[in-house]
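Everything quoted here is computed from the prediction, not taken from an experiment. Throughout, protein chains are lettered first and strands after them, A, B, ... in sequence-line order, and every chain is numbered starting at 1.
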There are 2 protein chains.
Amino acid sequence: MNKQTKKLTLDDIGALAGVSRATVSRVINDYPHITPEVRERVQKVIVETGYKPNKIAQSLASNRSGIIGLVIPHAVQTILTNPYFLHLINGITQTTNACGLNLSLFLFHSMNEEVQMARSLFYTNLIDGLIITADRKENPFVKQVIQHDIPFVFVGRPQIKVPISYVNVANVMGAYLAAEHLINLGRRRLAIIMCDHNTAGDDRYKGFRQALDDYHIEIDPQRIVRGDFSLESGYVAMQQLFPTVPDAVFAASDMMALGAQRAIRQAGLIIPDDIALVGFDDLPQSALAEPPLTTIRQPIEDLGIEAVNLLNEMLCQKIGLPRQIILPVELVLRAS
Amino acid sequence: MNKQTKKLTLDDIGALAGVSRATVSRVINDYPHITPEVRERVQKVIVETGYKPNKIAQSLASNRSGIIGLVIPHAVQTILTNPYFLHLINGITQTTNACGLNLSLFLFHSMNEEVQMARSLFYTNLIDGLIITADRKENPFVKQVIQHDIPFVFVGRPQIKVPISYVNVANVMGAYLAAEHLINLGRRRLAIIMCDHNTAGDDRYKGFRQALDDYHIEIDPQRIVRGDFSLESGYVAMQQLFPTVPDAVFAASDMMALGAQRAIRQAGLIIPDDIALVGFDDLPQSALAEPPLTTIRQPIEDLGIEAVNLLNEMLCQKIGLPRQIILPVELVLRAS
DNA sequence: CTGAAAGCGCTTACAG
DNA sequence: CTGAAAGCGCTTACAG
């Protein structure tokens, strides 16, 4: 059955339909000026034979592979515990599937691997464009990619002065909303578990401070502690915070908030009675936490969708200048 | 700079090195019989120019794209909450990177998408081989893929009678170990939260029953309840179990165990004093649970590594017949 | 509107 | 050991 049939080519279809291979190619590529009857005849043969063009040959001839790469710089620790990437990939694949694009995954496990693979990414003509996650401030890909003429879109704001295309969520606004909410709750001894490993952390810190400024609330420097976005670091950070007796804590990520929550529980304190707690991300587990975590929801899946759409427009030459897309966030009220 | 340089071709390198393009191709592909000096001269030019072969052209000429596809049938719910896939992808990319293979991701969001994309997967010559996750018993890909001549490896045991290649963990043995551990703890009122959505669930149930048989322990049918591998389902299942007063529960997945754990805590019971609880998977969050969850660790990352290696051998024609690889699991002692 | 032909950048028998 | 040449299966000016 299928196993024996030789692979059909454009010429075969042309012969069967009584036209040239050029014409078959044109109907496949929706070239407009074709006599309707001819088009129909060809399409009939294509359907009957189940012909599918050889994508590799198409790529070589058209200089377009239809493959985009998702680059996740080495951050294994993060990726393995963080559902963020799953949501992102979900949004991305949804959109590539819809656009007829192929998604190639470049996940690096060491700095070395990163450097090695970068070259083959840029030079081998396999990939039409790149979506790159901006996970750290010092992202070597940022510098490398802008020196080449491969189209790319960052997910998250990269730390760089030149204008480039990226999609991001409103981190500053989100943190502002979180702080404002805590203030509206009547809390005044606000604390923050921040993280300055990437620009998202920076922006969230900025939004938090902005809200305090706007509401003329002072913050004790002792109530500003750092984590690394992980649950463990949130746990430790919260313990550093206890001596300062905060009545409200904003954790710059849900994972850290979940860690803080555990420390709070173990200290015998009640959320939100003793300490109000707000996270950032709205991970699936946050809704399931005990008590459910109030947090800032960011539309991670949409980030993936928008990234692909933006890149796709760049590939179709519809866009010249770098473009930035900022997606809104929202406060999700739960325990606090 | 880089932006202006025209892309080099084999001919360019040949001209620069004073040899034909065929020779350059041969040194690039490590063809053995080449005069050392010629090889060196060519390699020098390649390094100096930073030449990288066009992969698309290589693919067309060699009929080998170097791209393998990871197919995740539509199971969005699962994938989004389950770190399993992240570990798997991590193992897979580690190995594809090392082998010089490219990984293309095929994640489906509906049955319809699955059917549509399947054809282009099989017929467009883009993909050399497939790694397919066997997430459900009714996996339409199983039937489709075996009708084509594309090499493939399943991750997990598919429900099918014909012999095919797959990598799997010792589910039966793992569940046996779990039950045996509970028995050794002196428990006799054993219960199981099972799931029959896929063969992993079946196998775990089987191993559990086997241990009970071997130790001549009866099980009250009321103590056999079902979930769907999710936390919520484990929570609900545990509540069904309370009336049967079990002193030990084996949950066929950590997510279900975590749900059960919550139900147990809310019922005011203590783990392991009142109820011993064992899960299966060893997710990152299981070690962080309160109390830490005793579970069966499965080497998910290794599953990815072995899958790629097996597929790669198939692609290199080193292997003819279908092969099955079963990776060991181990009991991880924590609270229970 | 359609076809003949060149070309995309490689690989690989076939000679020598 | 190395080169000339054909070929992989498409796309796309160029004519007509």
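- Residues A/Val71 and A/Thr133 have side chains not in contact (no heavy-atom distance under 4.5 Å, counting atoms from C-beta outward).
- Under the salt bridge (Lys or Arg N to Asp or Glu O under 4.0 Å) criterion, the residue pairs touching residues 19-28 of chain A are A/Asp11-A/Arg21, with sequence neighbours excluded.
- Partners of A/Phe122 by ring pair (Phe, Tyr, Trp, His ring centres under 6.0 Å), not counting sequence neighbours, listed by chain and number: A/His148.
- Using a 4.0 Å cutoff on non-hydrogen atoms, the parts of residues 20-43 of chain A near DNA chain D are A/Arg21, A/Ala22, A/Ser25, A/Arg26, A/Asn29, ordered by number.
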Using Watson-Crick and G-U wobble pairs with both distances under 3.5 Å, what is the 5'-to-3' dot-bracket string of DNA chain C, with [ ] for crossing pairs and | for pairs outside the strand?
|||.||||||||.|||
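- The salt bridge (Lys or Arg N to Asp or Glu O under 4.0 Å) search around A/Glu40 returns none, not counting sequence neighbours.
- At least one side-chain heavy atom of B/Ile68 sits less than 4.5 Å from a side-chain heavy atom of B/Leu103.
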Show me, pair by pair, the donor-acceptor contacts under 3.5 angstrom made by side chains of residues 152-161 of chain A, not counting sequence neighbours?
| from | atom 1 | to | atom 2 | distance (Å) |
| --- | --- | --- | --- | --- |
| A/Arg157 | NE | A/Asp203 | OD2 | 3.3 |
| A/Arg157 | NH2 | A/Asp203 | OD1 | 2.8 |

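- Think of the region where chain A sits on DNA chain D: with heavy atoms and a 4.0 Å cut, that region ends 5' and 3' at D/dG9 to D/dA13.
- For residues 12-49 of chain A, the pairs satisfying ring pair (Phe, Tyr, Trp, His ring centres under 6.0 Å) are A/Tyr31-A/His33, with sequence neighbours left out.
- Counting all heavy atoms, side chain and backbone alike, B/Phe108 lies closest to B/Glu113 at CA-OE1, 3.5 Å.
- Under the rule for a salt bridge (Lys or Arg N to Asp or Glu O under 4.0 Å), B/Asp302 has no partner lying at least two apart in sequence or in another chain.
- Residue whose closest nucleotide on DNA chain D sits further toward the 5' end, between B/Ala61 and B/Val19: B/Val19.
- In summary, A/Arg41 and A/Glu37 do not engage in a salt bridge, as defined by a charged side-chain N under 4.0 Å from a carboxylate O.
- B/Ala17 pairs by the side chain to side chain contact (heavy atoms under 4.5 Å, CB included) definition with B/Val19, B/Val42, B/Val45, not counting sequence neighbours.
- Applying the salt bridge (Lys or Arg N to Asp or Glu O under 4.0 Å) test to pairs two or more places apart or on separate chains, those with a residue in residues 49-71 of chain B are B/Arg64-B/Asp128.
- Sorted by residue number, the members of residues 50-60 of chain B with any non-hydrogen atom under 4.0 Å from DNA chain D read B/Leu60.
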